[in-house]
Amino acid sequence: MKQGYEMVVGLEIHAELNTDSKIYCSCHNAFGLEVNSQCCPICMGMPGTLPTLNSRVVDSAVKMGHALHCSINRICKQDRKNYFYPDLPKAYQISQFDVPLCEHGYVNIMVDGKQKKIGVTRIHIEEDAGKLLHGDSFGGTLVDFNRCGVPLIEIVSEPDMRSSAEAKAYLDAIKAILQHLDISDCKMQEGSIRCDVNVSVHKEGEPFGTRCEMKNVNTFSGAVRAIEYEANRQIELLEQGESISQETRRWDDSRGKSFLLRSKEDAQDYRYFPEPDLLTIVLSAERVESLKEGIGELPNDRMARLMREYRLSQGDATLLVEVPEKADLFEAAAAIGKAKADELVKWIVGDISKYLNDTGKPISDFAITPVQLSDLAEAVTSGKISSTAGKTVLDVILFEDKSVEAVIEEKGLAQISDTGALEEIVLEVLKNNEKSVQDYRGGKTNALGYLVGQCMRLTKGKGNPTLMKELLIKHL
Amino acid sequence: MNIDVRHIAKLSRLHLNEKEIPKFTEEMEKILAMVEQLPPIEGEGTLLDPDHPMELREDKAETLYRRDELLANAPEVEAGCVVVPKVVD
Amino acid sequence: MELYEYSAAKLSAMMEQGEISARELCESVLNRIETTDREVRAYLTLQKEEALKQADEVDKLRRSGEALPPLAGIPVGIKDNICTKGLRTTCASRMLHNFVPPYDATVIKKLRAQYAVIPGKLNMDEFAMGSSTETSYFQKTANPHDLTRIPGGSSGGSAAAVAAGSAVVALGSDTGGSIRQPASLCGVVGLKPTYGAVSRFGLVAFASSLDQIGSFGRTVEDAALLYDAVCGPDPMDATSVRRDVTPITPQLHPSVKGLKIGLPHEYFEEGVEESTKNAVMNAAAELEKAGAELIPLSLPSTGYGLSAYYIIASAEASSNLARFDGVKYGYRTEHFETLEQMYENTRSEGFGDEVKRRILLGTFVLSSGYYDAYYKRAKMLQQQMTREFVSVFEQCDLLLTPTTPYTAFKLGERIDDPLMMYRCDVCTVPVNIAGLPAVSLPCGRDDMGLPIGMQLIGPHFSEARLLNTAYSYEKLIGGFPPMPRLSGKEGAK
């Protein structure tokens, strides 16, 4: 971004909730099924039908409210947002206008190892719209109502972010919390989490500029591109002496550009008014309180703690916390106090993660325990086994409930670190490899690698390579 | 009270022809003149009514309708979908 | 006396005694429709075969010795804004001229479960917007007492069918008087229950916070019988009130001793015809003679009722009727290329003028910059009016007022003057605004022989008290006048 400018970013995140039924009717809340197969007269907006609010939608939103330190409006209502569009069968969306379920919260994000607090203006519940399908071979547009009535929470941030990196960190934090609370699947490719981006720029030390909103941002990386594009577009305009007009733009990620959707003058008049088919939502203090239980430590808090307590890098902490089971395994193994924290992390984010990715299975499907992991890391660090042998051990303990020691024993993986025994082998190798010895002495130092390899072959891989190398050099 | 009936008609997705505009304008103005006789009212106008709390529905899903029943009234159907004129979004 | 002339209560007893069959009754009513409906034009859709099948089913069950509910075999007419599975439901609008719901309204489910017979769907003002049934897209219904006059509205078809004997009882809906006003004009009993007493699921919404389904009968007992059959909480309607329900009909007994009846003077003032005032005051005197106490009192905000009503009702209607866009069901214009043209032309061709007027008004009062001045103020006024009612019900048990300021006017007389038409509802809208129950019942005739109706208004969920008072009055005057004689063309099949 151009020097001397600062950008201001605010985000509106829409997350689909993973309830069984839709928000206002009993249809299945399911993705990817045959068009118009998950519908009923209610979500298709047929005349005379009425909405009934799904209690789990309220609970999920309140949980998110707690997680984002919001105050919960135990008395709130729903409102109609009126506009015509073929994917909106009632021609209004049931949402919340002036009294949302949750307000005035914040979330801590981590950027470049530093924590920052981002304000959360509000969280409200609303229904999703259907999908329009366009075919090249077909002159019209097809409407699939399956997604109508899928429950959404909209999380609106304060304009507290100052870079696309902060915006990305905020999006990641929100996503991690949604997953931690198990209230949304957060599947980008299914559109279950989407966002609208508000961006303005101003010269440093000057008041905030006019903001533009970008719709249709469907991925987090897209959000980063959209923010940067928009900030640069606005700066260019300002540099040319033009002013920014408040407008809504559409982000086209494939082209990496945004396009004017509507200017402030033709802003939609949504004619919000209280939804007369639904009564006031009244939640007891006990119910709201009980939804705090089981929230536990939030991913972003845990990350900060792991960095603090175990001196992990932000990158490692992120990788662990992203999959809470990994962080759990790490902390349990670290608590044993035998192995070093960074060694444990290496195993988890390295070989273990590779297994998880390759099989697509969660850690809970594998047999490995914190004790095994701790023993494994310790065995390698102390030189009892080689790191190659460590991988062989891992291959076993992932699937079998055997102690690391037993596996080492069984497979004969223990390294030979007995100097006397190794010296004999070294001498034999030197005797049998005259040429390499000559080469080394003649200055070809890489001949040493070959000699170490020969020692390794004779010890069937069990010789401690560091020791053998030392002995070779001594006799050369 | 001047009412921009054209704008209101646009918002309502109603097409009024040139003859209808003055007619509806006049009628709406008369109705609003009646309606405007509201007295000054006290109160903050909060539209929350906690004395009548809403009962919420249990999160249980069921399939009760077939697609063909639901689309039987649609003016145009293609490939299991309702058809509308091409929308560019 | 023909079968169609009897009350539902009497017919139910006759069927139970085996004196008549449900089929005989159904045939009698279908014949009556055949002979009178060319003049009255109450029905929009008939299902004769289906009705006979339903009647036969009742007879079969009865023969097998099954104990049946009181409504079994009784032909019940249904206002055409109540969804009936597999039976066209038009709201008397071109917009829904071909709409066949794949679901039943909750009240219809209840009627079916009680083996009621449904002969067909009844005419109304388009989307229940009107007070004369003249805004129907399909036909104008005549008042059986004078075929040149309107039956009232919007449930004009329901009131006319019951008055003419082409239905024994009927369901209607009432948003600002749409049951009580036509009941009054057609000389029948019409009950508008407490908001939330009857499920609105399947009632095509006009103004969601005011709409309520209610019953028509030629006797108070019949109106009570149908109300008992359809009332009660419904999990499909969040605004239906969760409560225990006990049937009212078995409790009816003539007694008004010690009953405190309030007479709010605002309902007897300007615009109310002398003959109407006199008839209602005579009825009050009858009730006083029978032991009731009359209490003159005041409801000062009454005069603002129409304003608050037209703002709230139109605002909700503008949103409720937005779904009629030619996409999913109902009418779609043939004149379009773009989506916007399809929307505008569908809605302009599909809706009549009265509906358009209300949509425009409702859109306006909700639009940016006007919400606070109109909608919010109207909602505050609604709260104030409700408080006023609550406080007068500390002084009295119920209120007695005229139902309408005037008796039935001529077809076409007022259709071009919306404001004049709106004033028909001046005595009825406050009841909807406050969500109260009210019943209209006949209390005499004007000098042209046209029925006059009086309205009893009670506190929330006082239907039993209201109906019992109405029942007492009916007994005091020795029953309501017999069915009007329809013109000489009657019987010409």
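The analysis underlying the following values was restricted to heavy atoms, covering all of them including side chains, and did not include hydrogens, waters or symmetry mates. Worth saying up front: this structure is predicted, and the values here are computed from it rather than measured.
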message: Rounded at 0.5 Å granularity, tell me how far CG in A:D269 sits from CD1 in B:I8.
response: 7.5 Å
task: Taking the side chain as every heavy atom from C-beta outward, state whether B:P50 and A:R74 have any atom pair closer than 4.5 Å.
output: no
message: Taking side chain as everything from C-beta outward and backbone as N, CA, C, O, which of these in A:L133 sits under 4.5 Å from a heavy atom of chain B? Side chain, backbone, both or neither.
response: side chain
message: Using a 3.5 Å distance criterion without hydrogens, assess whether the side chain of A:D20 forms a donor-acceptor pair with backbone atoms of B:K60.
response: no
- line: When the 4.5 angstrom heavy-atom criterion is applied to A:F145 and chain B, the contacting part is side chain
message: Please classify the contact between B:E58 and chain A as side chain, backbone, both or neither, with a heavy-atom cut-off of under 4.5 Å.
response: backbone
message: Quick check for you: to the nearest 0.5 Å, what is the distance between A:M44 atom CE and B:L71 atom CG?
response: 5.0 Å
CZ/A:R262: more than 12 non-hydrogen atoms of other groups inside 6.0 Å: yes
message: Rounded at 0.5 Å granularity, tell me how far SG in A:C27 sits from CD in B:E62.
response: 9.0 Å
- prompt: For A:V58, is it the side chain, the backbone, both or neither that has a heavy atom under 4.5 Å from a heavy atom of chain B?
  reply: side chain
query: So, A:S55 side chain and B:R57 main chain: donor-acceptor pair closer than 3.5 Å or not?
result: yes
- prompt: What part of A:R271 is in contact with chain B, defined as an atom under 4.5 angstrom from a non-hydrogen atom: side chain, backbone, both or neither?
  reply: side chain
task: Could you tell me the separation between the CD atom of A:E275 and the CE atom of B:M54, rounded to the nearest 0.5 Å?
output: 9.0 Å
Heavy atoms from other residues, nucleotides or ligands near NZ of B:K30 exceed 12 (cutoff 6.0 Å): no
- line: Ranked by heavy-atom pairs below 4.5 Å to chain B, first place among A:G130, A:A30, A:A91, A:G139 goes to A:G139
task: Indicate yes or no: at least one non-hydrogen side-chain atom of B:E55 is less than 4.5 angstrom from one of A:T52.
output: no
- prompt: Does any N or O in the side chain of A:N36 come within less than 3.5 Å of the main-chain N or O of B:R67, such that one atom is a donor and the other an acceptor?
  reply: no
message: Would you say that A:V35 contacts B:C81 through its side chain, given a criterion of any heavy-atom pair below 4.5 Å between the two side chains?
response: yes
message: I need the minimum non-hydrogen distance between B:S12 and A:F84, along with the two atoms involved.
response: O-CZ, 3.8 Å
statement: Tested for side chain to side chain contact (heavy atoms under 4.5 Å, CB included) against B:L48, the lone hit among A:V282, A:D98, A:L279, A:I75 is A:I75
message: Give me the atom names and distance for the closest heavy-atom approach of B:Y65 to A:C40.
response: CD1-CB, 3.9 Å
statement: On a heavy-atom basis, the closest approach of B:L47 and A:K77 is O-CD, 4.3 Å
Greater than 12 external heavy atoms within 6.0 Å of B:K86's NZ: yes
message: If I measure from the heavy atoms of chain B, does A:P274 come under 4.5 Å with its side chain, its backbone, both, or neither?
response: side chain
query: Quick check: does any side chain N or O of A:T141 sit under 3.5 Å from a backbone N or O of B:V87, one acting as donor and the other as acceptor?
result: yes
- request: For A:M46 and B:L70, work out which heavy atoms get closest and say how close.
  value: CE-O, 3.3 Å
- prompt: Nearest 0.5 Å, what's the CG-CD distance between A:L142 and B:E78?
  reply: 7.0 Å
query: Should B:H52 and A:T280 count as side-chain neighbours, where that means a heavy-atom distance under 4.5 Å?
result: no
task: Please state whether the side chain, the backbone, both or neither of B:L64 comes within less than 4.5 Å of a heavy atom of chain A.
output: neither
